[in-house]
Amino acid sequence: MHEPASPIRSACLCSGPVPDGPRALIYVIAPNLDLLWYQYLDHPDGTFRWAFDQGKKVGNQWAVKHVFAGDGGVIYTVNNNNDLMWYRHVGQQDGTFTWGFNEGKKVGVGWQARHIFHGGDGI
């Protein structure tokens, strides 16, 4: 990879330690609203190395205003109703289309903001 086949609509980053070395997980919402999973290897030194040549489709219909990553495969979104939604990607380690629940869980309302981001370490 190294450039998505289609323009990126939105992206969020999830990273974490794995037994076989450093890596970063990058999620992309494509213009067709598919959620794509990428695994970038050796990110501490900027090496041009990806686990796969293309992103793996792990979701569809991700029509959201904001998206950002939490810890442990959690992805938060703000939908068009300004609800904060919680999702857990169980397939985060290998890019499988596996989720903790069939739908997101509403964890907040009234989330109107210009930018929203995760502070790390459970913050």
Side-chain angles (χ1 to χ4, degrees):
M1 176 194 157
H2 323 173
E3 296 189 24
S6 58
I8 296 173
R9 174 182 165 89
S10 183
C12 70
L13 171 70
C14 297
S15 63
V18 292
D20 59 348
R23 56 79 193 251
L25 300 180
I26 300 173
Y27 292 88
V28 172
I29 299 175
N32 67 357
L33 304 180
D34 284 348
L35 182 66
L36 305 175
W37 173 98
Y38 294 89
Q39 186 177 50
Y40 175 58
L41 306 172
D42 298 325
H43 72 283
D45 66 1
T47 303
F48 192 99
R49 190 167 156 216
W50 295 86
F52 304 97
D53 289 337
Q54 299 181 42
K56 291 185 174 185
K57 182 177 175 180
V58 296
N60 50 44
Q61 296 304 311
W62 280 71
V64 299
K65 291 169 63 174
H66 299 285
V67 59
F68 59 100
D71 294 324
V74 172
I75 297 175
Y76 294 96
T77 66
V78 177
N79 64 21
N80 290 325
N81 295 328
N82 296 318
D83 296 330
L84 180 64
M85 305 297 290
W86 177 97
Y87 301 84
R88 189 168 65 84
H89 184 208
V90 176
Q92 138 183 29
Q93 296 300 318
D94 59 5
T96 55
F97 200 131
T98 309
W99 294 85
F101 302 92
N102 289 335
E103 297 179 357
K105 292 188 172 195
K106 186 189 297 188
V107 296
V109 296
W111 282 76
Q112 296 181 8
R114 183 171 177 184
H115 298 288
I116 301 173
F117 57 92
H118 178 256
D121 293 329
I123 298 172

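Keep in mind it's a predicted model, so treat the numbers as computed, not measured. What's counted below: heavy atoms across the whole structure, side chains too, no hydrogens, waters or symmetry copies.
- Taking A51 as the reference, Q39, L41 meet the side chain to side chain contact (heavy atoms under 4.5 Å, CB included) condition, with sequence neighbours excluded.
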Which donor-acceptor pairs under 3.5 Å do side chains of residues 75-85 form with protein atoms, sequence neighbours excluded?
{"from": "N79", "atom 1": "OD1", "to": "N81", "atom 2": "N", "distance (Å)": "2.9"}
{"from": "N79", "atom 1": "OD1", "to": "N82", "atom 2": "N", "distance (Å)": "3.2"}
{"from": "N79", "atom 1": "OD1", "to": "D83", "atom 2": "N", "distance (Å)": "2.9"}
{"from": "N82", "atom 1": "OD1", "to": "K65", "atom 2": "NZ", "distance (Å)": "2.5"}

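- Annotation: salt bridge (charged side-chain N to carboxylate O under 4.0 Å, His left out) contacts of K57 (sequence neighbours excluded): D34.
- Checked against side-chain hydrogen bond (donor to acceptor under 3.5 Å, both in side chains), R49 has the following partners two or more places apart in sequence or in another chain: D42.
- Distance check: L25 CG to H89 NE2 gives 9.0 Å after rounding to the nearest 0.5 Å.
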Could you walk me through whether Y27 and W62 satisfy the ring-ring contact (aromatic ring centres under 6.0 Å, His included) test, starting with their C-alpha distance in whole Å, then the side-chain angles of each, then the deciding distance to 0.1 Å, before giving a yes or no? CA-CA 11 Å; Y27 292 88; W62 280 71; 8.2 Å; no
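- If you take CG on N60 and CG on L36, they are separated by 10.5 Å, rounding to the nearest 0.5 Å.
- By the 30° and 60° cut-offs, the orientation of the rings of W37 relative to F52 is tilted.
- If you chain together hydrophobic residues whose side chains sit under 4.5 Å apart, V90 and Y87 never meet in one group.
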Just list the side-chain donor-acceptor pairs under 3.5 Å for residues 95-112, sequence neighbours left out, or say none.
{"from": "T96", "atom 1": "OG1", "to": "D94", "atom 2": "OD1", "distance (Å)": "3.0"}
{"from": "T96", "atom 1": "OG1", "to": "T98", "atom 2": "OG1", "distance (Å)": "3.3"}
{"from": "W99", "atom 1": "NE1", "to": "V58", "atom 2": "O", "distance (Å)": "2.7"}

